[in-house]
J.: 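Provided herewith is a single structure, encoded as structure tokens, for subsequent inquiry.
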Amino acid sequence: MINKTRTLRWFTGGISATLLLVLIGCKSNIELDSTASTCSLVGGTWDLIADTDYSQCGGSGKKEKMIFTVTQQGCQLSNDYGVTGTIDGTDVKWKVPPWFINGGEVTYLEATAKIQDKKIEGGYYWKWSDGNTECSGTTKVNGTILAKEDAMSVQSEMKEKNPMLSPKEGNIAHTFSLKTPSAKAVYLVGEMSDWKDNVFKMQQGENDNWSLTLYLPQGAWQYKFVVDGLWKYDQSNPKTTDDGFDGLNSVIVLGKEIAELSVNQNIPHGSVINSDFDSKALGENSPFTVYLPPAYSADSQKSYPLLLLLHGYGSDQEQWVRDGKIQNFMDNLLHAGLIEPFIIVMPYGDKSQYVNNTETHIMDELIPYVRDQYRIKSGKTFTAISGGSMGGFGALYLAHRHQDVFGLSVPLSGYFDLSYYPEFNPKKFTMKPELYIYCGTDDHISFARNEDLVKLLKKEGVDFTYKTASGGHTWRYWNGITTDFLTVISDFFNKQA
């Protein structure tokens with residue numbers, strides 16, 4: 001039985017771990033069948049679409065393109081992700097040992113494919129469990145074995161899409177390395193791959209050392225290694241941050257970070273306050289973080305607008321301080337006179353999607369509580385909501401359901417899973433709060449869902465602004481748009497005043 005309070009989700013402000021099963025890096029041991037019939041020749045470049053259904057694990061599904069090379073020796077297969085298997089006639093069978101992700105174990109009930117006339121069709125059936133919660137799902141794959149000339153064209157196109165592999169003026173060379181014995185395949189994943197685990201394959205050198213050199217724009221980069229399907233942070237790098245799944249991401253900083261993101265010791269600083277109170281809605285103590293602008297303590301009479309800022313899936317109330325450096329952005333932009341001061345409240349939403357009890361907690365308990373504790377202007381014209389990923393969904397969801405509370409909603413890369421939104425009906429959808437939507441065009445997690453939502457909103461005549469730019473489901477993208485979206489929020493408050 002699934003524990004509904006801990007259903008699994010495969011997206012966040014930090015990692016997206018797609019379940020593309022056997023074909024993307026799960027370690028495998030082969031047991032050859034001595035009775036196998038004549039094996040079809042299936043070596044070459046495989047071009048597949050993997051369609052994963054993880055609705056039982058809290059998601060609605062995902063399609064993703066996969067291209068890789070398969071080598072065949074007799075009836076034994078292997079691919080360039082380190083996966084092995086056998087073929088009997090036209091039937092491929094993979095034997096996959098359990099592997100671990102997000103604090104649980106993935107096991108396979110069946111993993112097979114059939115190949116006829118260069119056409120590939122497969123089905124993979126899996127189960128995830130952490131001992132308390134379990135769920136299951138399927139991944140269907142369909143595709144072709146490419147002709148040699150088509151394979152060369154595709155491989156050339158793929159290289160062109162990875163400019164980080166070649167030197168470029170202004171970029172900084174950095175070699176990622178990992179020493180890991182007995183590994184069959186190691187990949188670098190992170191903000192440079194939009195957390196896809198099949199983009200940057202590392203090369204094996206001497207003494208079990210794997211390495212890869214990328215040429216990256218300056219600034220901070222979060223990353224991890226995937227070793228035979230297992231996600232690991234870089235233990236040789238002491239700089240880490242929470243990954244949203246009870247683990248860590250490694251962080252490197254190349255050159256200089258965004259100026260507004262950095263601490264400026266020569267300007268006034270606001271206050272970051274970590275607080276909590278007992279929530280009846282949640283039945284437990286609930287933490288939250290507050291940012292107060294520098295002038296707050298100096299003028300005991302002045303009140304300020306309120307921004308409710310929501311974190312991503314599996315993270316916490318300090319994510320926007322820890323990874324978003326929202327306090328530094330506010331201090332720097334206020335000092336430069338680019339925005340007017342407002343208070344930011346950051347609640348704890350865990351993995352709730354900000355629905356059900358968490359919605360009740362935020363709307364009926366937290367907002368009244370902080371209004372009582374701090375000098376906050378009343379009314380929807382001085383109340384805005386924003387957030388990234390799951391927080392982007394929450395920013396739309398809460399603003400729509402509480403249109404008398406919020407005057408502005410600013411979703412950032414929102415993962416708009418409308419299965420959490422049963423009352424959503426595009427034929428009746430109205431949105432009185434102003435709506436300003438951001439999403440990166442390279443975001444393989446949320447961009448398609450943002451595009452679908454935008455089509456629905458346009459169809460129903462909802463007035464909104466939609467702003468896209470190059471970027472993925474990463475803090476590099478969110479840090480890059482923070483000045484812009486904070487200015488949008490400040491301008492909204494100013495025009496009300």
J.: Hey, are S470 and D442 close enough side-chain-wise for a donor-acceptor pair under 3.5 Å?
T.: yes
J.: Quick check against the 3.5 Å criterion: does D194 have a side-chain atom that pairs as donor or acceptor with the backbone of H444?
T.: yes
J.: Applying ring-ring contact (aromatic ring centres under 6.0 Å, His included), run through Y348 and F288 and close with a yes or a no.
T.: CA-CA 6 Å; Y348 175 59; F288 64 95; over 10 Å; no
J.: Say whether, by atom type as modelled, one donor and one acceptor occur between the side chain of N209 and the main chain of Q204 under 3.5 angstrom.
T.: no
J.: So, the side chain of S409 versus the backbone of A395: is there a donor-acceptor pair under 3.5 Å, distance only?
T.: yes
J.: If a pair satisfies salt bridge (Lys or Arg N to Asp or Glu O under 4.0 Å) and one of its residues is in residues 306-318, list it, with sequence neighbours excluded.
T.: D316-R322
J.: To the nearest 0.5 Å, tell me how far L214 CG sits from S193 OG.
T.: 9.5 Å
J.: Can you measure from CD (Q222) to OG1 (T474) and round to the nearest 0.5 angstrom?
T.: 8.5 Å
J.: Do the side chains of L309 and V345 get nearer than 4.5 Å, heavy atoms only?
T.: no
J.: Distance check, rounded to the nearest 0.5 Å: F200 atom CZ versus F225 atom CZ?
T.: 13.0 Å
J.: Out of T483, N328, D331, which one pairs with E260 under the side chain to side chain contact (heavy atoms under 4.5 Å, CB included) rule?
T.: T483
J.: One pair to check against side chain to side chain donor-acceptor pair (under 3.5 Å): N237 and S250. What are the steps and the verdict?
T.: CA-CA 7 Å; N237 179 359; S250 298; 4.8 Å; no
J.: Does R375 make a cation-pi contact with Y304, if we ask for NZ or CZ under 6.0 Å from the ring centre and within 45° of the axis?
T.: no
J.: Donor-acceptor pair, Q317 side chain versus P347 backbone, under 3.5 Å?
T.: no
J.: For S389 and H473, what are the C-alpha separation, side-chain angles and deciding distance, and is it a side chain to side chain donor-acceptor pair (under 3.5 Å)?
T.: CA-CA 8 Å; S389 191; H473 207 80; 2.7 Å; yes
J.: About how many Å separate CH2 of W126 and SG of C135, when rounded to the nearest 0.5 Å?
T.: 5.5 Å
J.: Could you name each residue pair satisfying ring-ring contact (aromatic ring centres under 6.0 Å, His included) that touches residues 323-345, not counting sequence neighbours?
T.: F342-F493
J.: Do the side chain of N450 and the main chain of G414 share a donor and acceptor less than 3.5 angstrom apart?
T.: yes
J.: Taking ring pair (Phe, Tyr, Trp, His ring centres under 6.0 Å) as the criterion, tell me which of W475, W478, Y291 meets it with W320.
T.: W475
J.: Output the distance between atom CG (N249) and atom CG (D242), rounded to the nearest 0.5 Å.
T.: 8.0 Å
J.: Output the distance between atom CG (N357) and atom OG (S352), rounded to the nearest 0.5 Å.
T.: 9.5 Å
J.: Is the shortest heavy-atom distance from the side chain of Q353 to the side chain of F393 under 4.5 Å?
T.: yes
J.: Output yes when a side-chain donor or acceptor of Y233 lies under 3.5 Å from a complementary backbone atom of D243, and no otherwise.
T.: no
J.: So, does S315 use its side chain to make a donor-acceptor pair with the main chain of G312 at under 3.5 Å?
T.: no
